[in-house]
Amino acid sequence: DKEHRHKDHKKDKEREKFKHSNSEHKEHSEKKHRDKDKERLKHSDSSSDKHRQKHKDRDKDKRREEKVCLWVVGMLLNENFFSLIGCVVLLFVMIRWEEERYTDGSKWRFLEHKGPVFAPPYEPLPGKVKFYYGGKPMKLSAPAEEVATFFAKMLDHEYTTKDIFRKNFFKDWRKEMTSEEKSVITDLNKCDFSEMSEYFKAQSEARKQMSKEEKQKIKEENERLLQEYGFCIMDNHKERIGNFRIEPPGLFRGRGDHPKMGMLKRRIRPEDIIINCSKDSKHPKPPPGTKWKEVRHDNKVTWLASWTENIQGSIKYIMLNPSSRIKGEKDWQKYETARRLKKCVDRIRAQYREDWKSKEMRIRQRAVALYFIDKLALRAGNEKEEGETADTVGCCSLRVEHIKLYPKLDDQEYVVEFDFLGKDSIRYYNKIPVEKRVFKNLQLFLENKQPEDDLFDRLNTSILNKHLQELMDGLTAKVFRTYNASITLQQQLKELTCSDDSIPAKILSYNRANRAVAILCNHQRAPPKTFEKSMQNLQNKIDEKQNQLSAARKQLKAAKADHKASHDDKSKKAVEMKRKAVQRIEEQLMKLQVQATDREENKQIALGTSKLNYLDPRISVAWCKKFGIPIEKIYNKTQREKFAWAIDMADKDYEF
DNA sequence: CTCGTCACTTAGTATAGGACGG
DNA sequence: CCGTCCTATACTAAGTGACGAG
């Protein structure tokens, strides 16, 4: 018990640090927000007024704090014994809470919100927009029409041509039809949605052409909705909600070769929604004439509302924004776990290398799989239900058909070729030389197996994670991804950054370090549709700059010659001017060239995912502080909000 | 040990909206 | 000021991993 408490105490202290930096930051941003509101209210204010206002605000805050302090002191000094008792009880409850919060798995003590925003109801098509079956116009019942519009809106998409998509869609569509419709519409190929499709195209065109005022009105309405439904109170903070809108109905588009693509994603009603909030909060009201499925008060979870989705039968949640305390703390914890792995990774590596020699097959498989997870940053690879999802794999679910062994390939020995579809059906393709022992083990694992058999037939994620748990508290397969990503960034930054580079050059280095991680984690993207064009545009700009530069250089030369001839002050000044101009253009050119390199290298690589989910933000913050890079160059507004804790916490010497 | 459930993180893409250059 | 282009954001699918029942 003593030991336990000691550990907890240490944890608490660290948490205290986190909370402090986080709330401090929040105060800043809240204040900014308030100031902005005021700006909106009286936009005629002069800037000095605003400035004064800011000061006033700060003073007010200070005074309020002082008042609270005085109140507490007053209570303590008060002769009124009962107030004193009250005060002590309050403190006791607070302390008790602080302890409880971390030992019993509670996530909050007070939670109040307004519930979700539902998708707008279906608006029937104007009569002139017709659906045709077998060339004849046909008026559809509202439910059938709605589902038809989902298809019509996707008509330009490739997947409306796919067999599975069409089959699934048609089956679900027929369920929405009246019996007469059902008897008439028996063949999707005879359906003509083109008028509907044209109508929606025209609608979106019209939306683009809307006047400023109309756009402004929509914007204001969105803002109102955000203000009303987009925030909740969790404990003592107003927190931004991540997704407060319920997903609208539509046709399901799974990624990759998904067996359920085209199925109807049904409309979610209040009767489907479970609300989660605290008992003592003002409960959200369901829309008039409706009821929630349930209102519960479970403070062991972080979600505010949930519903069961009809495609996979999984649960969807409404949760807080990444900037919230609850998400930030968890994020921070994740990186702390990865840092603990750093301390013992050598031991673990030695261990799995040793296990390659084990007498037991299951241990060898475990060790080789772990080697892949560590070296190649593969995902764990949980089993999936066949026929329910696209056929994708991770490490533990690799099959024989996903690897090829080459005892010799070109000038390398023991090469393993990986070729499989991972998460989101993104292809992982890699040829990698491995140690002889690993290679021999793989040959052993492949013996007497069919292509569709599991490579690691004695292993799954649960076995692997149980083993990892024994090696380090809190260790799971995904910690390796976090650890290797973060350590790679740190090491690459060290390697690539030159302190006397210009800021754009340093940022290129940062992006390259980021890119190394994205490649490691296989974070790909489809090349943007306009990639070639935008590259060309940039190249044109570069050419233009180059011309400017040679012109400026010529002028400088001329000015110099002029100065040599006349030796007067005026010509000297002219030389200086021209010299500066050349310098400025050189800088601009450099910047453009850097931008072009960056963009080219980024064609098929997505940096965002690793930045947001794998890279300890304190590494980036420290790097910025060390090299005098403004943090805004690395993190945009949202990212700064998410990583507020790190921005406050890390100094220039932070080591992951 | 298997299976299903649940909660939460990680993922790529479509598009809204804002910056920027003519 | 307006159209173009790019970035940020919204959206939601698809993973991971814990846990409990049988």
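Each chain gets a letter, A, B and so on, in the order its sequence line appears, and its residues count up from 1.
- Here A/Thr461 lies out of heavy-atom contact (under 4.0 Å) with every strand.
- Within 4.0 Å (heavy atoms only), A/Arg240 reaches sugar-phosphate atoms of the nucleic acid but no base atom.
- Of the options A/Lys201, A/Glu205, A/Arg207, a side chain to side chain contact (heavy atoms under 4.5 Å, CB included) to A/Gln203 is made by A/Arg207 and by none of the others.
- Applying the 4.0 Å criterion to OP1 and OP2 of C/dG15, one finds that A/Arg481 has every side-chain N and O outside that range.
- Note on A/Thr609: a side-chain N or O is less than 4.0 Å away from OP1 or OP2 of B/dG12.
- Here A/Gly381 lies in heavy-atom contact (under 4.0 Å) with sugar-phosphate atoms only.
- A/Pro249 has its side chain within reach of A/Glu146: a pair of non-hydrogen atoms, C-beta onward, lies under 4.5 Å apart.
- When the nearest nucleotides of DNA chain B are assigned to A/Glu383 and A/Met319 by heavy-atom distance, the more 5′-ward of the two goes with A/Glu383.
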Between A/Phe643 and A/Tyr635, does the ring-ring contact (aromatic ring centres under 6.0 Å, His included) criterion hold? Intermediate values first, please.
CA-CA 9 Å; A/Phe643 297 134; A/Tyr635 291 140; 5.0 Å; yes
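- A salt bridge between A/Lys217 and A/Glu220 is absent, with no side-chain N of the basic residue lying under 4.0 Å from a carboxylate O of the acidic one.
- In this structure, A/Asn382 reaches the bases: a heavy-atom distance under 4.0 Å links it to at least one base atom across the strands shown.
- Salt bridge A/Asp172/A/Lys265: absent, no basic N to carboxylate O contact under 4.0 Å.
- Among B/dG12, C/dG15, B/dA7, the nucleotide with an atom closest to any side-chain atom of A/Thr392 is C/dG15.
- Using a 4.0 Å heavy-atom distance criterion, A/Lys478 is classed as a sugar-phosphate-only contact.
- Under a 3.5 Å cut-off, the side chain of A/Asn321 and the backbone N or O of A/Ser324 do not form any donor-acceptor pair.
- Within the 4.0 angstrom heavy-atom criterion, no nucleotide atom of any strand lies near A/Lys208.
- Regarding A/Glu388, its CD atom lies at a distance of 15 Å from the C1' atom of C/dA13, rounded to whole Å.
- Counting non-hydrogen atoms under 4.0 angstrom, A/Lys215 reaches nothing in the nucleic acid.
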Residue pair A/His258, A/Phe252: steps toward the ring-ring contact (aromatic ring centres under 6.0 Å, His included) verdict
CA-CA 10 Å; A/His258 198 116; A/Phe252 176 79; 5.0 Å; yes
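- For A/Lys327, the listed nucleotide lying nearest its side chain is B/dT9; candidates were B/dT9, B/dA11, C/dG17.
- Of the listed nucleotides (C/dA14, B/dA11, B/dC8), C/dA14 has the atom at the smallest distance from the side chain of A/His258.
- Comparing A/Gln524 and A/Arg207, the nucleotide of DNA chain B nearest to each residue sits closer to the 5' end for A/Gln524.
- Side-chain atoms of A/Glu632 and A/Lys637, non-hydrogen and from C-beta on, never get closer than 4.5 Å to each other.
- A salt bridge is absent between A/Glu587 and A/Arg584: the closest approach of a Lys/Arg side-chain nitrogen to an acidic carboxylate oxygen does not fall below 4.0 angstrom.
- Contact annotation for A/Tyr317: base contact, defined as any heavy-atom pair under 4.0 Å involving a base atom.
- The side chain of A/Ala380 approaches C/dG17 more closely than any other nucleotide in the set C/dG17, B/dT9, C/dA18.
- Of the candidates B/dA7, C/dG17, B/dT10, the closest approach to any side-chain atom of A/Tyr614 belongs to B/dT10.
- Listed nucleotides: B/dA11, C/dA18, B/dT13. Nearest to the side chain of A/Arg525: B/dT13.
- In this structure, A/Lys316 reaches the C/dA13 phosphate: one of its side-chain N or O atoms is under 4.0 Å from OP1 or OP2.
- C/dG15 atom P lies 14 Å from atom CG of A/Leu378, rounded to whole Å.
- Side-chain proximity of A/Lys334 to C/dA8, B/dT10, C/dT16: nearest is B/dT10.
- If you check every strand for non-hydrogen atoms under 4.0 Å, A/Ala390 touches nothing.
- Within a heavy-atom distance below 4.0 Å of DNA chain C, the residues of residues 243-252 of chain A found are A/Arg245, A/Glu247, A/Pro248, A/Phe252.
- Here A/Gly422 lies in heavy-atom contact (under 4.0 Å) with sugar-phosphate atoms only.
- Residue A/Arg255 is classed as a base contact, given a heavy-atom separation below 4.0 Å to a base.
- Of the candidates C/dG17, B/dT13, B/dT9, C/dG17 carries the atom nearest the A/Asn465 side chain, counting heavy atoms from C-beta on.
- Dashed line: the shortest gap from a side-chain N or O of A/Thr302 to OP1 or OP2 of B/dC8 is under 4.0 Å.
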